[in-house]
K.L.:
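Quick one: this structure, given as structure tokens, is what I'll be asking you about.
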Amino acid sequence: MIHKHLPFLVCCALSLSVSLSAQTKKFTVAAMNVDGMPKSVKVALVYDLTLNPDAKEAPGAIAIGQKLKDKQYDLIGVSEDFNYNSQIMDQISSVYSAGTHRGGISVNASTYINYAAKKTLFDTDGLNFFWRTNTVGVSCESWTAWWDHYGYTDDGADGLIKKGFRYYLADFGDDVLVDVYILHMDAEVSDGDIAARESQISQLVDDILRINPSRRPKIVMGDTNCRYTRDHLKTLFIDAINADGRYTIKDGWVEKCKNNTYPTYGSNALMTWEYGYEQGEVVDKLFYINPKMGMQLTLNRFYVDTDFNNEAGEPLADHYPVVGEFQARGTLYDPASYWSGGYDNDAYHAYAQAYDGLLPLTKANLKSPLKEELAELLTAHVDANSDIMARITTFRQHLDTYMSEHYTETDKTDKITNPSFEQGQRLATGNVEGWTVATDVTEAFISGIKDNDEGAAIRYFAPHDGDYVFNTWGGNPANGFFCLQEVSLTSGWYRLEGVVTTDANQEVKLRFGDARLSSGPIENRVEGRRLSIITYHTGGKITIGAEANNWFEADDFRLFRLKAITTAIHDIPVDAPSQGEPSTSNSQLSTLNPQPSTIYSPSGHRLKRPRRGINIVRQADGTTHKILVK
């Protein structure tokens, strides 16, 4: 999926505030050019030039895979992973999971002639990402092509493949989340090559600063083909990100090997054959970026791993991997402290909350539905004209539809204390049984809906439950209004619903854990609005309720646990008619099952009414039957 610049507008959507949880994790990261181009590739237009005459091909890929498995770095970003990906994966698949391999390249010289003449590209980026399956979960893969490159059959032949960069979200557990970028930039040293690389640097900076409001630390690694002495890498990349105000960036080699002193642009190249792999500069880079507040990465060690040689002592690839040993420490935190400059406005704050509300759906090993649509939202560019909030709302609607068709619900409202506010003392300001309410409001209480209750105004809105509702009034909008309680739930999918209302053109948010679903502007207080939100909970205590920036009323909270239909209808025998009896008709079905909970097709899709053939009927008591309708 290619990132697109998307317009921006604010409308009702999911929102979230980030949970506070201090954690510490250690992990290793490696970036390596695996030299996966075959030796026989020739560009016939340039003096029958062989692009990779010293390639180690399949034997080299096998040896690289064996080394990677032995090293067991937690995250590995590779470039030039073209024709020998299967040889690498054969060695590491028992330990590592992998991103998308986008294929190899042709070894036929005539293919290059045709491609160069048409200026078309092989549909591969040569990039891939490996992660240790038992230590980290990875999601949200996306790919972005470079806007500029230089050369087709000359100057590195960069235009013959779709070079670019990829993004991944790495989840180390315990709320330790890291954004990861892997990349491969233009090669060679002509003015055109350098100009293309510097354009690519600026494009990457733009993406890092505007891809999403993640507030997470970030790692950027890969074959940059850059040298500080030759390319404006420090000015265009390091200085540009440090100037943003929200982040600080470091180059692992500069920090650990050069005492934080960057080589001078225009000075002599620091070649490894002259200075060694500590003081010499390699074009493979490992950067890390920390938000100025919140969870931080610390680089404990950086080195070039020169152990990747064959039995003859020859390097297995053109480049040795660069390796960083990291430690993540700190907390995720409220987005209000993150924004700066032109991003510090209500529109971006709302998007940050909506964005983070989707993150529970990316948890490692979670078989989340609609993954492609979700990944597009989580990797989208956002600017002042974006429709991203509307797209998030649409995604939520799609998720609701999917879950209603593929999952059944079990009522878990008994986990909520006083869900309809029928318990406790009426008009006891600040004291609502089972709930925590805002402490600085003038009034926060249970209100009657049938009489004036000793002079208090009658609080009424249409979709209420019982004789009482929760009511707030007065107070400071800056501090917020809320009714919240903490419940303990097992891991799984849940749906929370509740009824809310407030003044005209104001909004209320239904909260489930970190996720908040906005009512959008309510035009008529008396009408109210029923909200419903679906999300995934990893288990343990979680906060539920409602909140707003002004007075509101709430009632009738309901909680449901969702379970995949396949576990309910698997191997259920068909209730076929006895010999001599007619088959069940549509009209008879409602008589046989006067209170069916739900009706499904054999594929597990929820039906509004029975169809001809087999129907799965799940009764209100939880029993399930297959009914044949003719």
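Only heavy atoms go into these numbers, but all of them, side chains included; no hydrogens, no water, no symmetry mates. Please read these numbers as outputs of a predicted model, since none were measured by experiment.
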K.L.:
Ignoring hydrogens and angles, tell me if any N or O in the side chain of Asn83 forms a donor-acceptor pair with the backbone of Ile105 under 3.5 Å.
P.N.:
yes
K.L.:
If the test is salt bridge (Lys or Arg N to Asp or Glu O under 4.0 Å), which one of Lys162, Arg102, Lys163 qualifies with Asp125?
P.N.:
Arg102
K.L.:
Is there a side chain to side chain contact (heavy atoms under 4.5 Å, CB included) between Phe165 and Val220 once you walk through the steps?
P.N.:
CA-CA 10 Å; Phe165 63 89; Val220 183; over 6 Å; no
K.L.:
Could you tell me whether the side chain of Tyr96 reaches within less than 4.5 Å of the side chain of Met89, counting heavy atoms only?
P.N.:
no
K.L.:
A side-chain contact here means heavy atoms from C-beta on lying under 4.5 Å apart; do Lys285 and Leu233 qualify?
P.N.:
yes
K.L.:
Would you call His232 and Ile201 a side-chain contact if the rule is heavy atoms closer than 4.5 Å?
P.N.:
no
K.L.:
Got a second to check how far Leu169's CG is from Cys140's SG, nearest 0.5 Å?
P.N.:
5.0 Å
K.L.:
Which residues satisfy the ring-ring contact (aromatic ring centres under 6.0 Å, His included) test with Phe172, sequence neighbours excluded?
P.N.:
Phe27
K.L.:
Indicate yes or no for a side-chain donor-acceptor contact from Asn290 to the backbone of Lys292 under 3.5 Å, with no hydrogens or angles considered.
P.N.:
no
K.L.:
For residues Gly252 and Leu299, report the shortest heavy-atom separation together with the two atoms involved.
P.N.:
CA-CD2, 3.4 Å
K.L.:
Can Asp35 and Lys56 be said to form a salt bridge (Lys or Arg N to Asp or Glu O under 4.0 Å), step by step?
P.N.:
CA-CA 8 Å; Asp35 198 19; Lys56 302 299 188 295; 5.9 Å; no
K.L.:
Quick check for you: to the nearest 0.5 Å, what is the distance between Ile92 atom CD1 and Leu68 atom CG?
P.N.:
6.0 Å
K.L.:
Just by distance, do the side chain of Lys234 and the backbone of Asp231 share a donor-acceptor pair under 3.5 Å?
P.N.:
no
K.L.:
Return yes if a side-chain donor-acceptor contact under 3.5 Å exists between Tyr320 and Asp284, otherwise no.
P.N.:
no
K.L.:
Would you call Glu325 and Tyr303 a side-chain contact if the rule is heavy atoms closer than 4.5 Å?
P.N.:
yes
K.L.:
Apply side chain to side chain contact (heavy atoms under 4.5 Å, CB included) to Tyr168 and Ile182, showing your working.
P.N.:
CA-CA 9 Å; Tyr168 295 88; Ile182 62 174; 4.0 Å; yes
K.L.:
Under 3.5 Å, side chain of Asn225 to main-chain N/O of Met185, donor-acceptor pair present?
P.N.:
yes
K.L.:
Is it the case that the side chain of Thr24 and the backbone of Arg329 share a donor-acceptor pair, with hydrogens and angles ignored and the cut-off at 3.5 Å?
P.N.:
no
K.L.:
Is the shortest side-chain heavy-atom distance between Tyr84 and Pro38 below 4.5 Å?
P.N.:
yes
K.L.:
Testing the basics here: between Leu236 and Ser202, what is the closest heavy-atom pair and its distance to 0.1 Å?
P.N.:
CD2-OG, 4.2 Å
K.L.:
Which is it for Asp207 and Tyr167 under the side chain to side chain donor-acceptor pair (under 3.5 Å) test, yes or no, and what are the steps along the way?
P.N.:
CA-CA 10 Å; Asp207 198 280; Tyr167 165 84; over 6 Å; no
K.L.:
How about His149 and Asp186: does a side-chain donor come under 3.5 Å of a side-chain acceptor?
P.N.:
no
K.L.:
Looking only at side chains, do Gln279 and Lys258 share a donor and an acceptor under 3.5 Å apart?
P.N.:
yes
K.L.:
Does a side chain donor of either Thr229 or Ser267 reach within less than 3.5 Å of an acceptor in the other side chain?
P.N.:
no
K.L.:
Less than 3.5 Å apart, any donor N or O on the side chain of Tyr73 or Asp305 sitting next to an acceptor on the other?
P.N.:
yes
K.L.:
Looking at Asn242 and Ile249, would you say the former's side chain and the latter's main chain have a donor-acceptor pair under 3.5 Å?
P.N.:
yes
K.L.:
Please confirm whether the backbone N or O of Glu281 pairs with a side-chain atom of Arg227, one donor and one acceptor, at under 3.5 Å?
P.N.:
yes
K.L.:
Is a side-chain N or O of Arg197 found less than 3.5 angstrom from the main chain of Glu188, in a donor-acceptor match?
P.N.:
yes
K.L.:
Within the distance-only criterion (no hydrogens, no angle test), does the side chain of Gln203 pair as donor or acceptor with the backbone N or O of Ala145 below 3.5 angstrom?
P.N.:
yes
K.L.:
In Å, rounded to the nearest 0.5 Å, how long is the span from CG of Asn85 to CG of Asn128?
P.N.:
5.5 Å
K.L.:
Do Phe395 and Leu358 have side chains that get closer than 4.5 Å, going by heavy atoms?
P.N.:
yes
K.L.:
Rounded to the nearest 0.5 Å, what separates atom OG1 in Thr298 from atom CD in Glu255?
P.N.:
8.5 Å
K.L.:
Quick check for you: to the nearest 0.5 Å, what is the distance between Gln91 atom CD and Ser86 atom OG?
P.N.:
10.0 Å
K.L.:
State, with a plain yes or no, whether a side-chain heavy atom of Met221 is found less than 4.5 Å away from one of Val180.
P.N.:
yes
K.L.:
Measuring only between side-chain heavy atoms, which start at C-beta, is Lys69 closer than 4.5 Å to Ser94?
P.N.:
yes
K.L.:
Considering residues at least two apart in sequence or located in another chain, which fulfil the ring-ring contact (aromatic ring centres under 6.0 Å, His included) criterion with Phe237?
P.N.:
Phe287
K.L.:
Main chain of Phe82, side chain of His101: is a donor-acceptor contact present, judged purely on distance under 3.5 Å?
P.N.:
yes
